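Heavy atoms only: backbone and side chains are in, while hydrogens, waters and symmetry mates are out. The structure presented is a predicted model; accordingly, all values stated were derived computationally and were not measured.
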Amino acid sequence: MKTTRTTLRKTVLAALIADLALMAGAHAQTATEVDPSATVVVSGIRASLSSSLTTKRLQDGVVDAVSAEDAGKFPDTNIAESLQRVTGVQIQRNNGEGRYISVRGLGPEFNNVLVNGRTMTSDTGGREFSFDLLSSDLISKALVYKTSQAFLPEGGIGSTVDIQTARPLSGKVGHSSVVNVSGAYDSNSEKKTPNISGMYSFANEARTFGVTASLSYTDRASKQNKAITDAWNLRDVSMINGDLNSKGLTMADVTTKKLYIPQSFGYQQENERRKRLVGNLTVQYNPTPDWKLTADALYSHLDQRNDVIAFSDWNNPVQLGVKYNGNNQITSFLRPGSIFYANNPAIAGPGTLLGEANSNDMIVKGGDRLSTTRAFGLNSKWKLSPDWKLEGDVSTSRTTSGSPDMWVVAGMVPKNGDVLTFNGTPGLTFGDGIADPTAVRAHAVSNGDIRNHDKLNEGRLNLSWAQDWGYFKGLDTGMAYSQRSVDRTEWKNDAWNAFSGYHLALPSSLFTVTPIDNFMGNGVQMPNAYLSFNPYSYMNYLNQPSILAQSNDPALYLNTTKYPNGPMAIDYTLPSMWGVKEKVASIFVDSKWEGEGWSANAGVRAVRVKSSSIGISRVLLSATKSPNDTTYILNYGPSTVNTVDNSYNSVLPSANIKFDLTSDMLLRLAASKTETRPTLSQMGVDNWYGGRYGDVQTGGGNPYLKPMKSNNYDLSWEWYLSKTNYVSAAVFQKNVRDFLETRLVDMKIPQYDEVVHDSRVRNGQKGKIKGVEIAGQYAFDTAVPWLRGFGVTANYTYVDASATREDNSTPACGYPGLSPQSYNGSVFYENSKFQARVSYNWRNHFSIDCGGGSTQPRNRAAYGQTDASLRYNLSPTLSLYADVINLSNQRTHEYALNESQFLTLEDVGRRVSIGLRAAF
């Protein structure tokens with residue numbers, strides 16, 4: 001198998017090199033055969049590619065760029081969708097829309113994302129940047145720095161991405177405006193929604209004053225269908241030897257074996273409405289030729305509403321008619337219902353092997369995302385003399401976000417058993433109908449409210465000295481300081497176990513029969529309807545005193561002193577809160593060098609970080625086993641406050657050298673030391689408790705985390721065939737240590753009489769990440785006359801990683817977020833009237849997390865997506881366009897240890913936008 005994979009990788013690599021070589025050869029052979037008077041206007045797609053290539057060529061380090069085709073005309077409606085076409089960049093999608101990026105195999109938290117050179121706050125509670133908070137209409141260029149330089153803010157082991165908004169004094173003189181109006185259609189929801197954006201820009205004739213303002217409104221109605229297994233666990237499974245019609249079975253008919261068993265299986269439907277408003281204002285003023293002032297303001301508001309309901313089988317480690325394969329992995333079993341219980345009292349019923357009734361659950365999950373970001377910045381540049389330049393920049397950014405934390409469960413206790421199969425695509429045949437509103441019973445309820453706040457103030461002062469002393473060409477130096485505070489506050493009800501166990505029948509008026517799409521395909525039989533319900537109506541019903549008297553602990557849950565508004569209501573008097581304050585001071589110096597045919601920089605950045613983590617949480621007093629199921633009733637005491645301080649220093653050297661091999665060929669070498677500080681959400685002082693008998697779980701933050709560090713080495717070869725065409729190849733290696741990942745530690749705590757599995761982010765892993773990147777783009781404008789107007793872009797990335805944990809083990813899951821291979825390509829055609837582009841992006845499997853304890857890793861399977869766009873210029877100022885996202889209607893698939901351990905299949909459908917763009 002290893003030989004086959006190696007051969008495949010070499011074949012793909014060789015094919016790409018051959019294609020790029022043929023392009024270059026065609027250029028060399030036909031450049032003199034074309035009529036020299038034939039010209040192609042460089043606009044649209046070509047203008048974007050040419051601008052990006054010029055940016056790449058002029059940089060000191062290894063940098064890639066994506067540029068807008070024109071004002072308010074970025075190549076894609078989502079910035080992340082454009083960045084995925086940069087070599088080595090992969091994206092993670094949220095309901096079919098690009099949200100996060102990974103670069104060279106390192107996930108979103110390891111990539112430092114800036115806007116106009118400034119750090120932006122996030123709605124995630126961490127450092128990872130959500131690209132779906134911004135509109136691409138306000139972006140002029142996005143640069144991806146793959147090698148470090150001393151002037152770049154520290155934090156990006158993977159890369160530093162700088163998103164640049166439009167600048168009025170860099171555009172046209174006078175007044176100009178752009179308006180985009182479009183309608184979007186989602187194939188799953190079958191709904192049409194409006195989108196509109198506009199940009200206004202003015203620059204006076206002297207280019208001493210300019211203003212640019214943009215506003216974008218996006219509305220999207222989508223539906224996601226999912227098949228879900230929560231997890232695969234390696235557990236002792238009690239196998240009852242019989243079938244659903246068996247009677248009088250005893251413990252003699254039960255055998256026990258350690259097997260891989262799915263925790264649950266079912267289907268989920270998620271209806272989403274996402275509305276986003278983004279505004280940007282930039283004012284530039286040049287009082288004198290030697291002084292420029294730039295002020296920026298940015299506003300983003302996202303209102304994402306999700307109605308999420310799942311219906312599924314929870315799988316206890318006691319099942320009937322279990323079958324498994326040679327890998328000790330369950331392939332099918334029968335899930336007994338109440339008839340089987342009645343027929344087999346020796347093994348089914350209270351106090352016996354099958355003590356907890358099986359159920360068919362309906363689960364409403366909280367999924368709303370409400371986020372607002374405000375950012376302001378002021379930049380001043382002075383030319384103090386021909387040799388000295390000074391730049392000062394101050395900025396502030398604020399993000400507030402909120403979401404419900406809801407997990408509300410109702411269920412049915414089926415009479416007949418269910419049949420589950422897990423040999424390839426999973427199957428679930430319900431023994432009873434799941435759309436009967438008269439058969440529903442109460443179960444677990446978790447209702448909460450989460451608020452996140454992220455505040456950042458930062459400033460920097462840079463001084464440049466240009467000199468010409470032989471090879472020495474000058475120095476750049478500067479200092480920066482930032483203060484950032486992130487906090488998360490959660491309020492919850494305290495009634496998870498109030499009605500767990502399905503002993504309370506519910507009125508049918510709470511439930512509605514709802515159809516579901518048959519999205520699984522491949523002949524998989526799915527129910528055509530299920531029951532949906534309003535979680536607030538459900539909780540209000542359970543909150544009645546007469547109903548609470550039937551709860552698992554009436555004396556507790558009817559206590560109005562403890563629950564003045566009932567146990568289903570959120571208790572806003574007892575918050576659980578964590579917060580992290582971080583102060584970062586840095587200073588850098590970078591030297592410039594140049595000789596005949598070469599140039600270089602070498603510098604160092606020194607960083608001092610101080611952090612303070614604070615947590616407010618309720619003390620867990622005791623954990624008592626619930627009488628009706630296998631969970632614990634948790635009894636909390638008053639809140640306590642904990643504070644932990646941490647600090648560390650870092651010295652980060654870097655060097656880049658560029659050789660001009662020929663007039664159009666470059667070779668770059670780079671070496672650096674970089675670091676990524678822990679995500680702020682990982683550093684909180686907080687704890688949570690969950691799990692069941694035999695599998696108690698805890699987790700929370702870790703304020704003692706250290707930054708992950710990496711020594712990096714890069715080599716890049718670039719051949720610029722023209723202003724638009726090029727080929728390049730690069731190799732890189734990152735030696736990492738103190739890698740941050742979720743690790744599990746078993747421990748004992750006094751509230752439980754069994755081992756507790758504590759899972760939280762910890763330092764410890766070290767290893768190597770090394771890879772190869774190959775890229776090229778070619779417009780056939782002068783090379784092949786009959787292909788004039790056509791062009792191609794393509795790139796391929798291979799990353800190999802090895803990891804060693806503290807116990808010298810190397811789990812199969814590898815580095816979370818790292819795909820060993822990825823590639824993408826685009827074919828485009830463009831003339832003065834018409835543009836067309838088809839793009840395909842592919843990445844193979846990657847690990848999401850490594851699991852822990854009995855839980856197996858979570859991996860995402862290889863995924864490829866085709867997108868297409870069309871433009872037709874009705875006039876020089878008016879154009880009609882259409883974009884299709886996920887043209888081939890691909891679905892994402894997740895699995896555990898191997899692809900037969902199914903976890904998730906997600907169907908997001910296609911998204912089509914048709915619009916009109918006017919520039920005047």
Where [X] and [Y] come nearest, the two heavy atoms and their spacing:
| X | Y | answer |
| --- | --- | --- |
| Pro707 | Asp738 | O-CB, 3.7 Å |
| Asn711 | Lys673 | OD1-CG, 3.5 Å |
| Ala295 | Leu378 | CB-CD1, 4.1 Å |

With sequence neighbours excluded, residues passing side chain to side chain contact (heavy atoms under 4.5 Å, CB included) with Ser482: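 Residues passing side chain to side chain contact (heavy atoms under 4.5 Å, CB included) with Ser482: Leu456, Glu458, Val584.
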Taking atom types as modelled and ignoring hydrogens, do the side chains of [X] and [Y] form a donor-acceptor contact shorter than 3.5 angstrom?
| X | Y | answer |
| --- | --- | --- |
| Trp291 | Ser380 | yes |
| Glu773 | Thr87 | no |
| Arg167 | Thr165 | yes |
| Ser716 | Glu718 | yes |
| Arg398 | Thr396 | yes |
| Thr288 | Asp290 | no |
| Ser397 | Thr121 | yes |
| Thr372 | His301 | yes |
| Ser130 | Arg99 | yes |
| Gln733 | Asn735 | yes |
| Asp714 | Thr147 | no |
| Ser135 | Arg276 | no |
| Ser464 | Asp476 | yes |
| Ser611 | Asn646 | no |
| Asn712 | Ser672 | yes |

Under a 4.0 Å threshold between the charged nitrogen and the carboxylate oxygen, would Lys658 count as salt-bridged to Glu594? no
In plain terms, say whether Glu675 and Lys709 are close enough for a salt bridge, that is, a side-chain N and a carboxylate O under 4.0 Å apart. yes
With no hydrogens and no angle check, is any side-chain donor or acceptor of Asn204 less than 3.5 Å from a backbone partner on Phe209? yes
Is the side chain of Ser214 donor-acceptor paired with the backbone N or O of Gly198 at a distance under 3.5 Å, no angle test? no
Mind telling me whether Tyr145 and Phe151 have parallel, tilted or perpendicular rings, with 30° and 60° as the class edges? perpendicular
Full working for side-chain contact (heavy atoms from CB on, under 4.5 Å) between Gln164 and Leu143: CA-CA 8 Å; Gln164 300 179 358; Leu143 287 81; 3.4 Å; yes
Roughly how far, to the nearest 0.5 Å, is the [atom2] atom of [Y] from the [atom1] atom of [X]?
| X | Y | atom1 | atom2 | result |
| --- | --- | --- | --- | --- |
| Glu128 | Phe110 | CD | CZ | 10.0 Å |
| Met683 | Asn702 | CE | CG | 8.5 Å |
| Thr212 | Leu281 | OG1 | CG | 8.5 Å |

Output, in order, the C-alpha distance, side-chain angles, deciding distance and verdict of side-chain contact (heavy atoms from CB on, under 4.5 Å) for Thr797 and Gln90. CA-CA 10 Å; Thr797 302; Gln90 303 154 343; 5.7 Å; no
Kindly determine whether Thr399 and Asp123 satisfy side chain to side chain donor-acceptor pair (under 3.5 Å), including the steps that lead there. CA-CA 6 Å; Thr399 298; Asp123 71 340; over 6 Å; no
